[in-house]
Amino acid sequence: MTNKFALIDCNNFYASCERAFNPKLEGVPVVVLSNNDGCIIARSNEAKALGIAMGEPYFKIRELVRANSVIVCSSNYALYGDMSNRVMRIIRRYSPEQEVYSIDESFLGLSQMPFDLIPYMHSLKDQVKNWTGIPVCVGIGRTKVLAKLANKIAKKYAKFNGVFDIDQLPKARFNNLLKTIDMGDVWGIGGKSKHKLNQLGIDNALAFCQMDKSLIQNMLGVSAVRIQKELFGHSCLALELLRPAKKQIVSSRSFGHPLVSFDEVNQALTCLARKAVNKLVVDNLGCLSMSVFIRTNPFSKKQAYVNFSKSTTFVNPLHSDRALLPIVSQLLRQIYQAQYQFYKGGIVLTQLVPRDAQYDLFGAKDRAALIVGKASHKPLLNSVISANEIGNDRWLPNAERRSPRYTTQWQELLVIE
């Protein structure tokens, strides 16, 4: 049976999440800012039409924003993450084979579907929109690369109404389409690979398909050969139905204000560590190593840039906040220097293993830590915090334009008057 994949991609996802709860934003330009309201990380189509670029520092476009009445939103990751989960659960209803590729993209395996896929995917698209308010487009193809390419076509041309099956194109039209696709728009071809290809005069997907396979492998490696085969319709990239094992958990943040005192930095890192520990618990993991780091602003002209870090390892995996949070302060004391203003910091948990793994149950040095680490992590503890998490909160990011967390905080539920 011929392979068949669908790529479902949310349109301008962060901006669409904002619109889902504020219909007044429909039809007007909307941008979403990164942490501390720094750079543009999402744009509505209307904002794109104004020439606002992804990653553009906000301070550089303030006049453009003001002149065109652009709505500016601070990032609201709690809302976006929950909306993503809702969208992915709906998509999962349409196939037993799903790969959640990113926060706003999901692949489906459709090879076993004995009916017309176009109306079936229109049903998916309509249900996601009706149940969540998030618009999506669907690309269908014999390979994941073709499905990704089909999704771009579905987004670009309104006549397809958000769903496009690239396999339905005749050979001649398919080749003409490839000729219009810039190499940078081919899934899996990064900036460095594109530059190498451009130096040989390969600037579109059709020219890439016509390259000698051995030349591609010598230049870019076997992964690029797989991409070429996928463009030819030969499936090389299977769905990843299982979540890949995590290698590390990072919880870091650029601070809302430069931090100087030990207590301020300690509060920030302890709060970030709790987020990392919560991820451990959700994934039923423990860690055998922890690192903390703090940095000054690399762009500051008032002080030198420094990046301090300290790590420690454990004989047995730890996962409890009561075991891990006190270690944050211990590591921080070894690297903190009072003469600096710290701009960013974070926690990195590595050597992740299943939560119940035991390596040296009777190791005297870590026996107490193991006992604490093994303590049950009950929901009640979510309301109990460490004293180190209490402070002036100057580390919290600037988010002056953040919308309410409508779906995850009772006190911020949408009120209809």
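What you see below is based on every heavy atom in this structure, not just the backbone, and it leaves out hydrogens, waters and symmetry mates.
Listed by chain and residue number, Asp283 satisfy the side-chain hydrogen bond (donor to acceptor under 3.5 Å, both in side chains) test with Lys246 (two or more places apart in sequence, or in another chain). Take Arg62 and apply the side-chain hydrogen bond (donor to acceptor under 3.5 Å, both in side chains) test, not counting sequence neighbours, and it matches no residue. Legend: residues meeting side-chain hydrogen bond (donor to acceptor under 3.5 Å, both in side chains) with Lys344, ordered by chain and number and at least two apart, are absent.
Ile347 places a side-chain heavy atom less than 4.5 Å from the side chain of Val292. A heavy-atom distance below 4.5 Å is not found between the side chains of Leu79 and Thr408. In this structure the side chain of Arg402 never reaches within 4.5 angstrom of the side chain of Cys73, judged on heavy atoms. Inter-residue side-chain proximity for Trp187 and Lys144 is flagged as met; some heavy-atom pair is nearer than 4.5 Å. When side chains are defined from C-beta on, Gln98 counts as touching Met88, because their heavy atoms get closer than 4.5 Å. Put simply, the side chain of Leu124 reaches to within 4.5 Å of the side chain of Ile91, judged on heavy atoms. Two residues are said to be in side-chain contact when any heavy atoms from C-beta on lie closer than 4.5 Å; Cys209 and Leu178 meet this criterion. Within the 4.5 Å cutoff, side-chain heavy atoms of Met290 are placed close to those of Phe314.
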Test salt bridge (Lys or Arg N to Asp or Glu O under 4.0 Å) applied to Asp182 and Lys194, step by step: CA-CA 9 Å; Asp182 184 85; Lys194 175 187 174 181; 3.1 Å; yes
Audit row: Leu318, Ile327, side chain to side chain contact (heavy atoms under 4.5 Å, CB included) steps and yes/no: CA-CA 11 Å; Leu318 302 183; Ile327 299 173; 4.3 Å; yes
Worked check of side chain to side chain contact (heavy atoms under 4.5 Å, CB included) between Asp9 and Cys137: CA-CA 6 Å; Asp9 187 10; Cys137 284; 5.7 Å; no
Evaluation steps, side chain to side chain contact (heavy atoms under 4.5 Å, CB included), between Val163 and Ile140: CA-CA 8 Å; Val163 178; Ile140 306 171; 4.2 Å; yes
CA sep, side-chain torsions, deciding dist, call: Thr350, Ser311, side chain to side chain contact (heavy atoms under 4.5 Å, CB included): CA-CA 10 Å; Thr350 54; Ser311 302; over 6 Å; no
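To the nearest 0.5 angstrom, Thr180 atom OG1 is 8.5 Å from Asn176 atom CG. Separating the CD1 atom in Ile249 from the OG atom in Ser251 is a distance of 9.5 Å, to the nearest 0.5 Å. For the atom pair CD (Glu56) and CG (Leu33), the distance works out to 12.0 Å, reported to the nearest 0.5 Å. Annotation: the span from Asn266 atom CG to Asn388 atom CG amounts to 4.5 Å, rounded to 0.5 Å. From Leu197, atom CG reaches atom CG of Leu220 across 5.0 Å, with rounding to the nearest 0.5 Å. Rounding to the nearest 0.5 angstrom, the gap separating the CZ atom in Phe174 from the NZ atom in Lys179 is 14.5 Å.
In this structure a side-chain-to-backbone donor-acceptor pair under 3.5 Å is present from Glu230 to Cys236. The backbone N or O of Leu215 lies less than 3.5 Å from a partner atom in the side chain of Asp212, making a donor-acceptor pair. Side chain of Ser95 to backbone of Leu110: no donor-acceptor contact under 3.5 angstrom is found. A donor-acceptor contact shorter than 3.5 Å is absent between the side chain of Glu99 and the backbone of Leu239. The backbone N or O of Phe208 lies less than 3.5 Å from no partner atom in the side chain of Asn204, so there is not a single donor-acceptor pair. With Gln228 contributing its side chain and Met211 its backbone, the two residues share a donor-acceptor pair below 3.5 Å. Between the Thr270 side chain and the Gln267 main chain, no donor and acceptor come within less than 3.5 Å of each other. Panel note: side chain Glu389, backbone Cys271; no donor-acceptor pair is recorded below 3.5 Å. A donor-acceptor contact shorter than 3.5 Å is absent between the side chain of Ser84 and the backbone of Tyr80. Judged by distance alone, with hydrogens and angles left aside, the side-chain atoms of Asn36 form a donor-acceptor pair with the main-chain N or O of Ser254 at under 3.5 Å.
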Extract all donor-acceptor atom pairs below 3.5 Å that involve side chains of residues 65-72 and protein atoms in other chains or at least two apart in sequence.
unit_1 : atom_1 : unit_2 : atom_2 : d
Arg66  : NH1    : Glu63  : OE1    : 3.2
Arg66  : NH1    : Glu63  : OE2    : 2.7
Asn68  : ND2    : Leu64  : O      : 2.9

Enumerate, atom names and distances included, each donor-acceptor pair closer than 3.5 Å involving a side-chain atom of residues 126-135, sequence neighbours excluded.
unit_1 : atom_1 : unit_2 : atom_2 : d
Gln127 : OE1    : Tyr94  : OH     : 2.5
Lys129 : NZ     : Gly133 : O      : 3.4
Asn130 : ND2    : Asp126 : O      : 3.1
Thr132 : OG1    : Val128 : O      : 2.5
Thr132 : OG1    : Ile134 : N      : 3.1

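Scanning all heavy atoms of the two residues, the minimum distance from Ala147 to Leu7 falls at O-CB, 3.9 Å. Of all the heavy atoms in Leu288 and Pro317, the pair that sits closest is CD2-N, 3.4 Å. Closest approach of Tyr336 to Ile294, counting heavy atoms only: CA-CD1, 4.2 Å. Contact detail for Ala273 and Leu325: the closest heavy-atom pair is CB-CD2, 3.6 Å. The minimum heavy-atom distance between Met183 and Ile202, with the atom names listed, is CG-O, 3.8 Å. For the pair Thr296 and Val306, the tightest heavy-atom approach, listed with the atom from each and the gap, is OG1-N, 2.8 Å.
Heavy atoms from other residues, nucleotides or ligands lying under 6.0 Å from NZ of Lys4 number more than 12. The number of heavy atoms from other shown groups lying within 6.0 Å of CZ (Arg92) is above 12. Annotation: Phe115, atom CZ; neighbour count of heavy atoms from other residues, nucleotides and ligands within 6.0 Å is above 12. The neighbour count for Gln199 CD, taken as heavy atoms of other residues, nucleotides or ligands under 6.0 Å away, is above 12.
Under the salt bridge (charged side-chain N to carboxylate O under 4.0 Å, His left out) criterion, the residue pairs touching residues 31-55 are Arg19-Glu46, Asp37-Arg401, with sequence neighbours excluded.
At a cut-off of 3.5 Å, with distance as the only test, no side-chain donor of Gln341 or Asn297 sits close to an acceptor on the other residue. For the residue pair Asn22 and Ser403, no side-chain donor N or O sits within less than 3.5 Å of a side-chain acceptor on the partner.
Ring geometry, Tyr77 versus Tyr14: the interplanar angle exceeds 60°, so the pair is classed perpendicular (tilted spans 30 to 60°). The aromatic rings of Phe160 and Tyr157 sit perpendicular, their planes meeting at an angle over 60°, well past the 30° parallel limit. Between His234 and Phe232, the ring-plane angle classifies as tilted under the 30° and 60° cut-offs. Below 30°, between 30° and 60°, or above 60°: for Phe21 and Tyr406 the angle between ring planes is below 30°, a parallel geometry.
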